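Everything numeric in this text was worked out from a predicted model, so none of it was measured. Heavy-atom basis, side chains included; hydrogens, waters and symmetry copies ignored.
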Amino acid sequence: MDRKQFLSFLTLSGTILPLKGWGRSVSEEAYQTEIPPYLRPGDTIGITSPASYIAEEAIKPSVQLMESWGFKIKVGKTIGTRDFILGGTDEARVADMQNMLDDPEVKAIMCARGGYGVIRIIDQLDFSKFRSKPKWIIGFSDITALHTHINSNFGIATLHSKMCNSFPDDWTKASPMQIETILSIRQVLSGEATKYTAPVSPYNRNGKATGILVGGNLSIIETLAGSKSDLDTRHRILFIEDTHEELYSIDRMFWNLKRSGKLDKLKGLIIGGFKLKAETPGEEFGRSVYEIVKEKVKEYDYPVCFDFPVGHQVNNYALKCGAEYSLNVEESESSLRSL
């Protein structure tokens, strides 16, 4: 019996089984997420740099603060290691990340910074031990590749948040917003419920939605389309952010989302921060981010929230990718609450 005949047999018998080597079988509606164990005082957080280079000195504020929260810190070998813009060679970054994934004492892995490099190594990582004993993978920007890969393939939640390079050098001089967003990492890792609000925007589309939250950096999500790390957005609440992109590029990427079916079955859409690259005088695109998004989702009826506090900005709160949230967009306030 060949593969096609076997699948036909399973379908006729009313049973679809996940087959080893054929990917994870998850129906659109019956998606189940596994939440890694929340951390307790004394647990270990590993720090590694699977993307761009970071100096040892640059991670010290984050190490000191997380130790003050009661956690132990394991610093990986890629910290302070450099291969041009990367945090060490591909081989070194694979080995360091693999060590963190496999070490039973490490309960969470904080990526030191984003930049570029995860896509160069992700197919070389063995997630078998991680799947049997999940742990929190922490970061954003280029780390979106890890979030989407893990969420879509393994159904395990991850943490989209600030990284080591975003911790203030002097905590006593940090702004209230810096403090609040950094502390949101501890809140989520400790299992505390969170609720974040966004300012009212005339571009919002009101409504309520409950569902699994997925998303991250728009350009990374576009890059991963059609790959083993492609993001599954069906019946999910999608959040998106980006930085240093021109408006025409954002428009192109949103057309990619629409044409690839990533916008038509959403439960809700959250638009975070978009830091724009300056346009060349005389070559302006002529449309704002708000107009770009509204054009792509006008035929749908799910809630849309703009200006949400997530992205390459100070007000970047910790969000559990692959976990359930409630989105409420109203005239008076927009909010996202963990469930």
Side-chain angles (χ1 to χ4, degrees), residues 26-33 140 144 147-148 151-152 155 157-158 160 193-222 224-225 230-242 245 247 250-274 287-311 315-339:
V26 182
S27 73
E28 294 184 14
E29 297 291 354
Y31 182 91
Q32 296 293 319
T33 298
F140 81 111
T144 295
H147 295 313
T148 61
N151 296 162
S152 294
T158 56
H160 183 281
T194 58
K195 179 183 177 181
Y196 307 129
T197 60
V200 175
S201 170
Y203 294 95
N204 285 351
R205 183 160 63 205
N206 295 347
K208 297 181 180 181
T210 298
I212 299 296
L213 182 72
V214 296
N217 183 263
L218 176 58
S219 59
I220 299 298
I221 291 172
E222 183 195 37
L224 299 173
D230 199 357
L231 180 64
D232 184 1
T233 64
R234 296 170 297 176
H235 309 291
R236 318 284 197 265
I237 298 172
L238 173 66
F239 75 94
I240 298 237
E241 63 81 29
D242 217 324
E245 296 286 349
L247 285 165
I250 295 170
D251 184 68
R252 183 192 65 241
M253 289 188 283
F254 265 98
W255 273 119
N256 177 278
L257 291 184
K258 185 176 179 66
R259 297 183 69 241
S260 61
K262 286 183 168 57
L263 298 178
D264 58 359
K265 292 183 180 179
L266 294 180
K267 285 194 171 182
L269 178 62
I270 296 171
I271 306 300
F274 274 79
R287 297 163 184 81
S288 68
V289 171
Y290 303 103
E291 292 167 328
I292 288 169
V293 175
K294 288 198 71 175
E295 179 186 42
K296 312 304 181 294
V297 301
K298 61 185 176 183
E299 65 195 82
Y300 313 123
D301 60 2
Y302 47 74
V304 179
C305 173
F306 285 93
D307 300 324
F308 191 81
V310 64
N315 55 335
N316 180 23
Y317 286 90
L319 296 171
K320 291 181 285 188
C321 297
E324 195 170 24
Y325 280 81
S326 175
L327 173 64
N328 192 5
V329 183
E330 298 179 325
E331 294 292 343
S332 58
E333 181 185 78
S334 296
S335 65
L336 184 67
R337 179 170 55 89
S338 63
L339 297 177

Is it true that a side-chain atom of [X] and a backbone atom of [Y] form a donor plus acceptor pair closer than 3.5 Å?
X: K267; Y: T210; value: yes
X: S335; Y: T197; value: no
X: N316; Y: G311; value: yes
X: Y302; Y: L263; value: yes
X: R205; Y: V297; value: yes

Report the distance from atom [atom1] of [X] to atom [atom2] of [Y], rounding to the nearest 0.5 Å.
X: L231; Y: S152; atom1: CG; atom2: OG; result: 5.0 Å
X: L224; Y: T148; atom1: CG; atom2: OG1; result: 4.5 Å
X: E291; Y: L247; atom1: CD; atom2: CG; result: 9.5 Å
X: L336; Y: Y196; atom1: CG; atom2: OH; result: 8.5 Å
X: I240; Y: I270; atom1: CD1; atom2: CD1; result: 10.5 Å
X: F274; Y: I292; atom1: CZ; atom2: CD1; result: 8.5 Å

TODO: Please find out if less than 6.0 Å separates the ring center of F140 from that of H147.
DONE: no
TODO: List the steps, then state whether side chain to side chain contact (heavy atoms under 4.5 Å, CB included) holds for L327 with K208.
DONE: CA-CA 6 Å; L327 173 64; K208 297 181 180 181; over 6 Å; no
Identify the two heavy atoms, one from [X] and one from [Y], that lie closest to each other, and give their separation to 0.1 Å.
X: S338; Y: A193; value: OG-CA, 3.5 Å
X: C305; Y: V329; value: CB-CG2, 3.9 Å
X: N256; Y: A225; value: OD1-CB, 4.4 Å
X: A209; Y: P303; value: CB-CG, 3.9 Å

Are [X] and [Y] close enough that some pair of their side-chain heavy atoms sits under 4.5 Å apart?
X: L257; Y: L218; answer: yes
X: L319; Y: F308; answer: yes
X: Y325; Y: R337; answer: no
X: F239; Y: V310; answer: yes
X: E245; Y: S219; answer: yes
X: I237; Y: L266; answer: no
X: V214; Y: C321; answer: no

TODO: Return yes if a side-chain donor-acceptor contact under 3.5 Å exists between N204 and S334, otherwise no.
DONE: yes
Task: Partners meeting ring pair (Phe, Tyr, Trp, His ring centres under 6.0 Å) with F306 (sequence neighbours left out) - done: Y290
Task: ring pair (Phe, Tyr, Trp, His ring centres under 6.0 Å) partners of F254, counting only residues at least two apart - done: none
- [ ] Please report the C-alpha distance between K265 and Y300 in whole Å, then the side-chain angles of each, then the deciding distance to 0.1 Å, and finally whether the side chain to side chain donor-acceptor pair (under 3.5 Å) criterion is met.
- [x] CA-CA 9 Å; K265 292 183 180 179; Y300 313 123; over 6 Å; no
Task: Full working for side chain to side chain contact (heavy atoms under 4.5 Å, CB included) between V304 and N206 - done: CA-CA 7 Å; V304 179; N206 295 347; over 6 Å; no
Task: R252 atom CZ, over 12 foreign heavy atoms within 6.0 Å - done: yes
Open item on the list: Test side chain to side chain contact (heavy atoms under 4.5 Å, CB included) on R234 and K262; report intermediate values, then the result.
Closed with: CA-CA 7 Å; R234 296 170 297 176; K262 286 183 168 57; over 6 Å; no
- [ ] Test D251 against every option in K296, K294, K258 by the salt bridge (Lys or Arg N to Asp or Glu O under 4.0 Å) rule and name the one that passes.
- [x] K296
